[in-house]
Amino acid sequence: MHRAPYPIGIPGQSWGDAEKAAWRAQQPKRRSYSDDVLRVIERLRERFDVQQYAELVYAPERYPLFAIRSHAWDEALPSVLVTGGVHGYETSGVHGALQLIDRHGADYAGHINLLVAPCVSPWGYERIHRWNPDAIDPNRSFHARSPAGESAALMQLLAPLRGRLLVHIDLHETTDTDETEFRPALAARDGKPVEPGEIPDGFYLVGDSEAPEPEFQQAIIAAVAGVTHIAPADRNGELIGSPIVAPGVIHYPCRQLGLCAGATDARFRTTTEVYPDGPRATPEQCNAAQVAAVRAAIAFAMHRHA
Ligand SMILES: [Zn+2]
């Protein structure tokens, strides 16, 4: 398939500040973090501890970042971290995380400590984009001296929890726009050719190749299969260019890639990938898939931990 060159930059040359500014100027605000996310968080204050953990300043805009945690945090209990909106455009990650604590947070009181960071990248949420305003992907930036404020702020929030998390589940989507917009943008930014790929049709998980937990991953797949279909392997036995290690599961070296799922040392950690663009998918179903994944992850880890 012939592709027109990406409208910003010169093919074969990576972007400088001018190209990044041109790209940023083409990203209008398309929805409101304040209306969609902060309002929901406000309503959670009655039942949970709501903490502002940082503020991102992208003048003239400011984005306070919030985490929601169990009221009676008890160091004797296992702790579970749920992150959403590390990629702000992946809508069900944000709203799935909020739904999880709103509808099910109380179920875990006295059994686990729950920490939810529902919208790590609010600028990307509003622009329906993968990057932050500096054309940086926060989900490749979880490492020391991170250039992404989104990632640095979350790592600072998590630093005191080192060695204390049993589960970390990072909620994502893989969308058709990954292929039509975000991969071409990435290739253009880095001055590389676009390698065409396929978007998996269905839900899948990305486990950490440095911490494989096959039964944990399969317990999540089994639960989500009751909500939405699981992505089948492509003709190469792969999903999104990586070999399938078990039905619906691929592995990445999460820490090496600077992924959020590698930002903790939780024994049970994974990244969900909901597919929102299928003919059968609805926003409600995508949120429900995220919630089912988190609940199954917690149930499995608690059973194993007991
Ligand atoms: Zn993502």
Side-chain angles (χ1 to χ4, degrees), residues 27 30-31 33 37 65 81-98 100 116-143 146 148-151 153-155 168-187 189 197-208 217 220 224 228 231 239-242 248-264 269-278 281 283 286-287 289-291 293-294 297:
Q27 309 305 324
R30 296 161 77 183
R31 56 187 179 183
Y33 172 63
V37 178
L65 298 173
L81 169 68
V82 180
T83 45
V86 171
H87 285 142
Y89 71 111
E90 295 169 6
T91 307
S92 71
V94 176
H95 295 291
L98 289 168
L100 183 273
V116 177
C119 191
V120 172
S121 298
W123 187 91
Y125 179 86
E126 291 194 330
R127 272 80 190 168
I128 315 189
H129 208 289
R130 192 175 169 86
W131 292 341
N132 76 4
D134 300 318
I136 294 171
D137 186 337
N139 206 33
R140 296 294 182 279
S141 306
F142 285 87
H143 47 70
S146 176
E150 293 79 3
S151 314
L154 187 65
M155 284 191 290
H168 174 200
I169 182 159
D170 188 32
L171 308 182
H172 285 252
E173 295 180 344
T174 300
T175 70
D176 288 348
T177 51
D178 288 329
E179 184 65 13
T180 57
E181 171 60 27
F182 298 133
R183 283 188 198 155
L186 175 66
R189 186 197 71 185
E198 281 177 40
I199 297 301
D201 177 12
F203 178 91
Y204 65 100
L205 290 171
V206 183
D208 191 338
Q217 308 288 349
I220 300 171
V224 175
T228 189
L239 283 175
I240 206 135
S242 290
V249 183
I250 58 171
H251 280 165
Y252 285 166
C254 294
R255 207 157 291 171
Q256 188 188 320
L257 292 174
L259 302 184
C260 184
T264 78
R269 54 188 194 250
T270 196
T271 302
T272 65
E273 295 287 351
V274 166
Y275 180 53
D277 295 324
C286 292
N287 294 343
Q290 302 283 19
V291 169
V294 176

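Numbering starts at 1 and runs along the sequence shown. Counting convention: from 1, in listed order, for ligands and their atoms alike.
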**Study point:** Contacts of the Zn ion (ligand 1) with protein N/O/S atoms, counting only those under 2.8 Å
**Key:** H87 ND1, E90 OE1, E90 OE2, H172 ND1
Revision key, fill the gap. Taken in chain and number order and not counting sequence neighbours, the residues that satisfy side-chain contact (heavy atoms from CB on, under 4.5 Å) with P283 are none
Exercise for review: Inspect the contact between D178 and R183 and indicate whether a charged nitrogen and a carboxylate oxygen are less than 4.0 angstrom apart.
Suggested key: no
**Study point:** Geometric cation-pi criterion R31 and Y125, 6.0 Å radius, 45° cone
**Key:** yes
Review point. If you draw the axis of the six-membered ring of W131, does the NZ or CZ of R189 fall within 45° of it and under 6.0 Å from the ring centre?
Key: yes
Review point. Do T271 and Y252 pass the side-chain hydrogen bond (donor to acceptor under 3.5 Å, both in side chains) test, and can you show the C-alpha distance, the side-chain angles, and the key distance before you say yes or no?
Key: CA-CA 10 Å; T271 302; Y252 285 166; over 6 Å; no
Check your understanding: Between Y89 and F182, is the ring centre distance below 6.0 Å?
Key -> yes
